[in-house]
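Below you'll find the structure, written out as structure tokens, and then a few comments.
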Amino acid sequence: MSQTREVGRVVRGMAASDGAGVKLNRVIGGPDLPQLDPFLLLDEFRSDDAADYLAGFPEHPHRGFETVTYMLAGRMRHRDNQGNTGLLGPGSVQWMTAGRGIVHSEMPEQENGLMQGFQLWVNLPAKDKMTAPRYQDIEPGKIPEVESTGARVRVIAGSYRGVRGPVQADATAPLYLDVFLEDGEFEAAVPVEHNAFVYVYEGSLDIAGRAVTRGELAVLRGGDTVAVRAGDAGARFILVSGRPLKEPVARYGPFVMNRPEEIRQAMRDFTEGRLA
Ligand code: FE2
């Protein structure tokens with residue numbers, strides 16, 4: 001018997017500024033929802049005012065987790081200090097495993113127009129925090145789409161109705177779906193022990209009797225099925241789930257480890273040029 005998940009908390013993002021002054025909506029990683037194990041941060045960026053994004057994210061480090069950038073509109077150039085570079089365009093995903101460390105920049109490659117997307121941080125277990133850095137750069141055409149009446153689903157990670165997304169992330173086995181729901185209902189299976197959330201970025205949804213509208217994240221609890229119904233004007237949302245790591249989290253800015261001493265080590269390694 002399948003059991004439908006209920007809505008635990010509903011969290012509205014908080015306006016924030018990051019990088020060199022990029023305006024964004026911080027949904028996970030702020031005071032209301034500091035984390036949802038294994039997810040450490042979710043930022044939504046959406047602006048057609050270049051002043052909100054032009055400054056970009058100049059060179060900065062990461063260690064101990066994965067950053068996932070999903071672009072809906074606009075272009076962002078990625079560069080690291082090992083010479084890796086990539087252009088993220090509309091519909092593309094970069095799943096970057098920072099592991100023991102990278103130093104990179106993420107800069108807009110446009111001077112006007114809409115820039116829209118998400119950055120999600122996925123924690124790594126202690127055993128993988130110092131793994132070699134790895135990039136999974138996924139072009140839009142490599143993300144399978146599943147269509148049914150009233151719905152179009154892009155499968156970025158995990159599987160939906162037997163269709164597997166291209167991302168490999170074994171430790172947390174994430175599901176990452178981008179769903180366009182014009183009307184009617186949508187259902188997806190999630191492992192009962194995984195944490196899961198829905199973030200609505202257009203329109204509204206009814207989830208187990210609760211209205212969740214644009215800009216709101218619903219934490220979903222207790223079940224193996226996520227079931228939602230489109231609001232009057234339909235909805236666009238992401239559904240994300242992952243296996244909780246249940247390990248201690250010590251974080252400071254772009255470093256996420258298990259113990260404070262490991263954070264101090266990361267800062268020393270960065271300062272002394274050992275991070276990449
Ligand atoms: Fe970054």
Side-chain angles (χ1 to χ4, degrees), residues 13-30 34-35 38-47 52-90 92-110 115-124 128-138 156-157 167 169 172 174 176 238 240 242 249-257 262-263 265-267 269-271 273-276:
M14 199 182 81
S17 173
D18 209 337
V22 177
K23 293 217 172 68
L24 44 83
N25 185 31
R26 180 146 298 161
V27 195
I28 300 176
Q35 64 161 323
F39 306 110
L40 301 158
L41 176 141
L42 176 69
D43 284 342
E44 178 191 28
F45 46 94
R46 171 183 351 208
S47 178
D52 289 343
Y53 59 74
L54 262 189
F57 302 87
E59 197 163 88
H60 60 278
H62 293 287
R63 173 179 277 180
F65 60 102
E66 305 185 293
T67 68
V68 180
T69 307
Y70 177 35
M71 297 296 292
L72 291 169
R75 285 172 205 287
M76 193 82 91
R77 168 72 62 180
H78 170 268
R79 262 195 193 94
D80 75 9
N81 62 348
Q82 299 295 300
N84 299 302
T85 184
L87 183 63
L88 294 173
S92 67
V93 170
Q94 182 188 63
W95 199 289
M96 185 192 80
T97 306
R100 66 175 174 253
I102 61 111
V103 178
H104 76 161
S105 62
E106 299 152 289
M107 299 299 289
E109 196 148 291
Q110 66 187 39
M115 175 78 77
Q116 183 182 6
F118 298 100
Q119 187 164 98
L120 176 73
W121 289 9
V122 185
N123 207 356
L124 287 169
D128 294 339
K129 282 187 177 293
M130 296 297 276
T131 193
R134 177 186 181 198
Y135 293 97
Q136 299 178 70
D137 281 334
I138 300 154
I156 295 166
V167 168
T172 49
Y176 193 147
I238 54 173
V240 178
V249 173
R251 67 194 285 179
Y252 181 78
F255 307 124
V256 185
M257 304 299 288
E262 295 168 318
I263 294 293
Q265 184 66 50
M267 291 166 78
D269 288 348
F270 175 51
T271 313
R274 286 189 300 268
L275 213 71

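Only heavy atoms go into these numbers, but all of them, side chains included; no hydrogens, no water, no symmetry mates. Just so you know, ligand 1 is whichever comes first in the structure, and atom 1 is the first atom listed for that ligand.
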Per the side chain to side chain donor-acceptor pair (under 3.5 Å) rule, which among His78, Glu59, Gln82 passes with His104?
His78
Check whether any side-chain heavy atom of Leu275 lies under 4.5 Å from a side-chain heavy atom of Phe255, and answer yes or no.
yes
Side-chain contact test, heavy atoms from C-beta onward, threshold under 4.5 Å: evaluate it for Glu66 versus Arg134 and give yes or no.
no
Please evaluate residues Met96 and Asp80 with respect to the criterion side chain to side chain contact (heavy atoms under 4.5 Å, CB included), reporting the C-alpha separation (whole Å), side-chain torsions for both, the decisive distance (0.1 Å), and the verdict.
CA-CA 11 Å; Met96 185 192 80; Asp80 75 9; over 6 Å; no
At a cut-off of 2.8 Å, what protein N/O/S atoms sit near the Fe ion (ligand 1)?
His60 NE2, His62 NE2, His104 NE2, Glu106 OE1
Would you say Glu106 and Gln94 are linked by a side-chain donor-acceptor pair, where the criterion is simply a distance under 3.5 Å?
no
Check the orientation of Phe118 and Tyr70. Use parallel for under 30°, tilted for 30 to 60°, and perpendicular for over 60°.
parallel
